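Source: prediction; values computed, not measured. Positions are given from 1, in the same order as the sequence printed here.
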Amino acid sequence: MTAQSHQDSQAAPANGGLRGGHVALIVIVTILVTAALTYWVVRTYIYARDFTPVELSSQEQHRLDAKLRTLGYDPAPAPAPAPAPQAGGGAKETDQEWLRPEQYSEAGAEREVSFSERELNALLANNPDVARKLSVDLADDLVSARLLVPVDPDFPILGGKTLRVSAGVEMAFREAKPVVALKGVSIMGVPLPSAWMGGLKNIDLISEYGNQDGFWKGFADGVEDIRVEEGQLKVKLRE
């Protein structure tokens with residue numbers, strides 16, 4: 001072999017292929033990227049973190065309590081209630097002040113109540129176990145929910161894990177009646193087939209069951225208007 005051919009044989013690996021160091025570097029980078037992606041998938045979809053409950057300010061809590069009383073529900077008093085000024089500047093009457101003999105009348109009663117997205121999530125926060133597993137989002141004609149579902153430890157494969165479930169419900173008012181329809185349910189980001197949900201996907205529950213005695217008929221008969229807007233749920237009750 002000549003000196004020239006010997007030099008060419010040594011230069012060929014350098015010019016025509018990857019060196020051993022380059023291959024090792026590529027393998028290490030691939031392992032790191034794969035490990036990072038695996039950690040992200042496991043942390044995001046399997047070992048999901050609890051939601052952070054919504055906490056209202058004292059003024060926001062007083063406004064929410066007033067709306068609940070309009071619906072006939074008297075919320076439990078806070079451990080250390082503080083009087084909050086009303087829009088007109090006067091102090092809000094206490095429960096003991098309200099508990100006075102007075103003739104019942106519906107004249108001038110407020111029949112329309114609205115709840116913000118923060119208020120609905122704050123209501124969930126009254127139950128800490130629920131608040132850390134459920135959150136609600138309000139958009140135009142759509143109520144969306146995200147739910148963390150712990151799986152029983154004895155369940156195959158996913159036992160002891162936490163599933164991320166999301167769902168959407170259309171809520172509107174058309175043709176003089178409310179519309180409530182399940183838009184879909186997804187688990188781990190995968191939408192479930194309608195057949196797995198009893199064929200109820202995109203079915204108006206009021207039209208389907210509102211003619212029968214039961215919850216949906218009673219609900220429809222008691223609602224004069226219902227609207228879901230970005231961040232707001234507005235309900236107007238019938239007389």
Side-chain angles (χ1 to χ4, degrees), residues 45 48 51 53-54 64 67-75 106 109-127 129-152 155 158 161-239:
Y45 290 105
F51 298 136
V54 173
L64 175 59
K67 295 176 182 179
L68 294 175
R69 290 188 177 96
T70 301
L71 295 176
Y73 173 73
D74 193 12
E106 293 186 357
E110 180 64 47
R111 297 185 182 277
E112 182 171 347
V113 182
S114 65
F115 294 94
S116 70
E117 185 177 299
R118 278 178 54 80
E119 289 172 337
L120 291 178
N121 283 294
L123 285 175
L124 297 175
N126 290 333
N127 186 327
D129 291 336
V130 174
R132 293 186 176 91
K133 304 298 180 185
L134 177 64
S135 66
V136 177
D137 177 84
L138 301 177
D140 292 342
D141 295 339
L142 183 66
V143 178
S144 302
R146 288 190 168 189
L147 180 66
L148 298 177
V149 181
V151 181
D152 189 277
F155 193 83
L158 295 177
K161 310 298 190 298
T162 300
L163 299 181
R164 288 189 168 188
V165 180
S166 59
V169 176
E170 179 185 8
M171 192 172 292
F173 197 87
R174 292 192 290 268
E175 300 179 359
K177 65 178 182 179
V179 174
V180 179
L182 178 64
K183 303 303 293 182
V185 176
S186 297
I187 298 180
M188 299 299 195
V190 180
L192 298 182
S194 178
W196 291 10
M197 296 182 286
L200 294 178
K201 187 174 181 179
N202 295 319
I203 299 297
D204 180 10
L205 300 178
I206 303 296
S207 296
E208 191 76 10
Y209 303 106
N211 296 326
Q212 307 172 14
D213 290 336
F215 170 79
W216 292 114
K217 178 174 173 54
F219 175 80
D221 291 344
V223 174
E224 184 173 329
D225 189 20
I226 184 169
R227 298 189 306 277
V228 181
E229 301 171 354
E230 186 65 40
Q232 289 284 331
L233 170 63
K234 300 180 180 180
V235 181
K236 185 174 184 180
L237 305 177
R238 296 186 189 273
E239 294 186 5

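Here the closest non-hydrogen pair linking Leu182 and Gly168 is CD1-O, 3.6 Å. Looking at every heavy atom in both residues, Gln232 comes nearest to Ser116 through NE2-CB, 3.6 Å. Minimum interatomic distance between Ser114 and Glu119 (heavy atoms only, all atoms of both residues): O-OE1, 3.9 Å. Considering all non-hydrogen atoms of both residues, Val113 and Phe115 come closest at CG1-CE1, 3.5 Å. When all heavy atoms of Leu138 and Glu117 are compared, the closest pair comes out as N-OE1, 3.0 Å. Across all non-hydrogen atoms, the minimal contact from Leu192 to Met197 is O-CE, 3.6 Å.
Once rounded to the nearest 0.5 Å, the distance linking CZ of Arg146 with CG of Asp137 reads 8.5 Å. To the nearest 0.5 angstrom, Asp204 atom CG is 7.5 Å from Arg174 atom CZ. Note that the CG atom of Leu237 and the CD1 atom of Ile226 stand 9.5 Å from one another [nearest 0.5 Å]. In this structure, the separation between CE on Met171 and CG on Leu142 is 9.5 Å, given to the nearest 0.5 Å.
Using the six-membered ring where Trp is involved, Phe215 and Phe219 have ring planes that are parallel, under 30° apart on the 30 and 60° scheme.
Shown here are the side chain to side chain contact (heavy atoms under 4.5 Å, CB included) partners of Ala181, two or more places apart in sequence or in another chain: Glu170.
For residues 228-238, the salt bridge (charged side-chain N to carboxylate O under 4.0 Å, His left out) pairs, not counting sequence neighbours, are Glu224-Lys236, Arg227-Glu229, Glu229-Lys234. Screening residues 178-189 for side-chain hydrogen bond (donor to acceptor under 3.5 Å, both in side chains) gives Lys183-Asn202 as the qualifying pairs, with residues at least two apart or on separate chains.
For OH of Tyr209, the number of neighbouring non-hydrogen atoms (other residues, nucleotides, ligands) closer than 6.0 Å is 12 at most.
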